[in-house]
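Working notes, beginning with the structure itself.
Every number for a ligand or one of its atoms is a count from 1 in the order of the listing.
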Amino acid sequence: MSLLEVSALGVSTRAGAALVRDVSFAIDTEQRLGLIGESGSGKSITSLAIMGLLPAGTAATGSVLLGGTQVVGAREPALVRVRGRVASVVFQEPLTALDPLMRLGKQLAEPLARHQRLRGRGLRRAVLDALTEVCLPEPERIARSYPHEISGGERQRVAIALALACRPQLLIADEPTTALDVTVQDEVLGLLDRLVAERSMAMLFVTHNLAVVSRMTDRVLVLRAGEVVEYGTVRGVLGAPKHPYTRSLVASAREFDAALEVS
Ligand SMILES: Nc1ncnc2c1ncn2[C@@H]1O[C@H](COP(=O)(O)OP(=O)(O)O)[C@@H](O)[C@H]1O
Ligand SMILES: [Mg+2]
């Protein structure tokens, strides 16, 4: 069985609008899959459905097996057992993952204490180590800070440390660098790439950026209006797109690159 098996996943609103339809794919241990498509194509809804975190007023059908646990229709206690341990998410906006009223060291201590059964000095050491691992140069300062006291890039690094605290086997990264400055984006992508490799994790990487998907993943799934239009290796899909929608994505990315070269 794969680490993640998504079969005929559908997500609809209570009013009956289909947001995602008949999406199927699998991710094995250490595999990386990119999820691409323009804004509103259902990338985030798909990621949230995998974690059992769909927004109120929406519901999933079909099957999502995450580390063997059925997520669709699962109750909260079953989901709590898989979240963080089997899979974790890093969102576009790091503030969604962070409590604005709690010092960052304390936020990180909670999952580390739970996962590694640490307390006191050992726990404090683990918090500083976790911050150092995501390349935060002054871990003591960051640990003492509240989320609003550090930069956006630093916040996303803390959110990554938080996502990795329980040593998940799968990391879902939903446009993790879209909200960051370009130079910081590059550093955070490099960090994710290295951590996922070092820890032998699998990754579902969500982006609307084709250059980023080819840097971070091996295979890619293209969503359009909630449906899969193409799936294959990054080289195959982006090098020789079959579906007209994928062709238009590739063409507009090329135009954008060309515009950058002349400007
Ligand atoms: N909470 C919600 N309730 C109803 N519809 C939603 C909700 N969140 C997102 N949607 C709709 O679902 C579709 C897919 O959204 P989303 O997955 O966020 O797109 P993407 O991440 O690809 O930009 C969009 O049409 C969006 O308007
Ligand atoms: Mg999104």
Side-chain angles (χ1 to χ4, degrees), residues 4 6-25 27 32-64 66 71-74 76 79 83 87-98 152 155-156 159-160 163 170-180 184-185 188-189 192 203-217 219-231 234 237-238 241 243-250 252-253 256:
L4 171 66
V6 176
S7 313
L9 174 69
V11 178
S12 306
T13 64
R14 208 173 284 147
L19 306 180
V20 166
R21 257 178 300 210
D22 197 23
V23 168
S24 300
F25 62 88
I27 300 180
R32 297 182 182 197
L33 176 69
L35 191 54
I36 63 174
E38 65 196 2
S39 179
S41 56
K43 304 183 299 295
S44 293
I45 290 286
T46 302
S47 310
L48 293 170
I50 291 167
M51 298 298 291
L53 290 171
L54 279 173
T58 64
T61 55
S63 166
V64 172
L66 187 55
V71 173
V72 175
E76 208 51 28
L79 294 172
R83 284 190 205 130
S88 278
V89 207
V90 176
F91 296 101
Q92 176 173 330
E93 176 42 71
L95 287 176
T96 51
L98 300 171
R155 277 199 288 268
Q156 193 59 298
I160 291 168
L170 170 69
L171 183 69
I172 300 180
D174 186 353
E175 310 226 27
T177 61
T178 307
L180 305 175
V184 181
Q185 274 185 20
V188 172
L189 289 174
L192 282 171
M203 178 159 66
L204 177 65
F205 195 96
V206 177
T207 179
H208 61 272
N209 185 319
L210 303 190
V212 170
V213 86
S214 55
R215 170 173 173 183
M216 300 298 288
T217 72
R219 289 177 306 142
V220 63
L221 188 145
V222 184
L223 272 186
R224 186 196 189 188
E227 291 185 89
V228 178
V229 294
E230 202 154 348
Y231 171 74
V234 168
V237 170
L238 301 186
H243 192 279
Y245 174 67
T246 319
R247 265 186 233 140
S248 73
L249 278 182
V250 171
S252 59
F256 183 68

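- With a 4.0 Å cut-off on non-hydrogen atoms, Ile45 touches ligand 1 through its backbone as well as its side chain.
- Scanning both residues, Val250 and Pro241, for their nearest heavy atoms gives CG2-CG, 4.0 Å.
- Scanning all protein heavy atoms for the shortest distance to atom 12 (O) of ligand 1 gives Leu19 CD2, 3.5 Å.
- Less than 4.0 angstrom separates atom 26 (C) of ligand 1 from none of the non-hydrogen atoms of the protein.
- Leu19 contributes atom CG, which lies 6.5 Å from atom OG of Ser12 (distance to the nearest 0.5 angstrom).
- A distance of 5.0 Å separates CG in Leu192 from CE in Met216, rounded to the nearest 0.5 Å.
- The Mg ion (ligand 2) has an N, O or S atom of Ser44 closer than 2.8 Å.
- Scanning the protein heavy atoms around atom 2 (C) of ligand 1, the nearest turns out to be Pro55 CG, 4.0 Å.
- Ligand 1 has Glu38 within reach: a non-hydrogen atom of the residue lies less than 4.0 Å from it.
- Closest non-hydrogen pair, Ser47 versus Asp174, comes out as OG-OD2, 4.3 Å.
- Distance screen at 4.0 Å: atom 5 (N) of ligand 1 has a protein heavy-atom neighbour inside the cut-off.
- Judged by the shortest distance from any of its heavy atoms, Ser41 lies inside the 4.0 Å radius around the atoms of ligand 1.
- Within the 4.5 Å cutoff, no side-chain heavy atoms of Val212 are placed close to those of Thr217.
- At least one side-chain heavy atom of Gln156 sits less than 4.5 Å from a side-chain heavy atom of Val90.
- For atom 24 (C) of ligand 1, the nearest protein heavy atom (residue, atom name, distance) is Gly40 O, 3.7 Å.
- Side-chain contact between Val206 and Thr46 is absent, with no heavy-atom pair separated by less than 4.5 Å.
- Between Ala56 and ligand 1, no pair of N/O atoms sits closer than 3.5 Å.
- Looking at Thr177 and Asn209, their side chains never come closer than 4.5 Å, going by heavy atoms from C-beta outward.
- Of all protein heavy atoms, the one closest to atom 3 (N) of ligand 1 is Thr58 CG2, 3.9 Å.
- Looking at ligand 1, you'll find an N or O of Ser44 within less than 3.5 Å of one of its N or O atoms.
- Atom CG in Leu204 sits 12.0 Å away from atom CZ in Arg32 (nearest 0.5 Å).
- Residue contact check for ligand 1: Gly42 places a non-hydrogen atom closer than 4.0 Å to it.
- Below 3.5 Å of separation, one finds an N or O of Lys43 facing an N or O of ligand 1.
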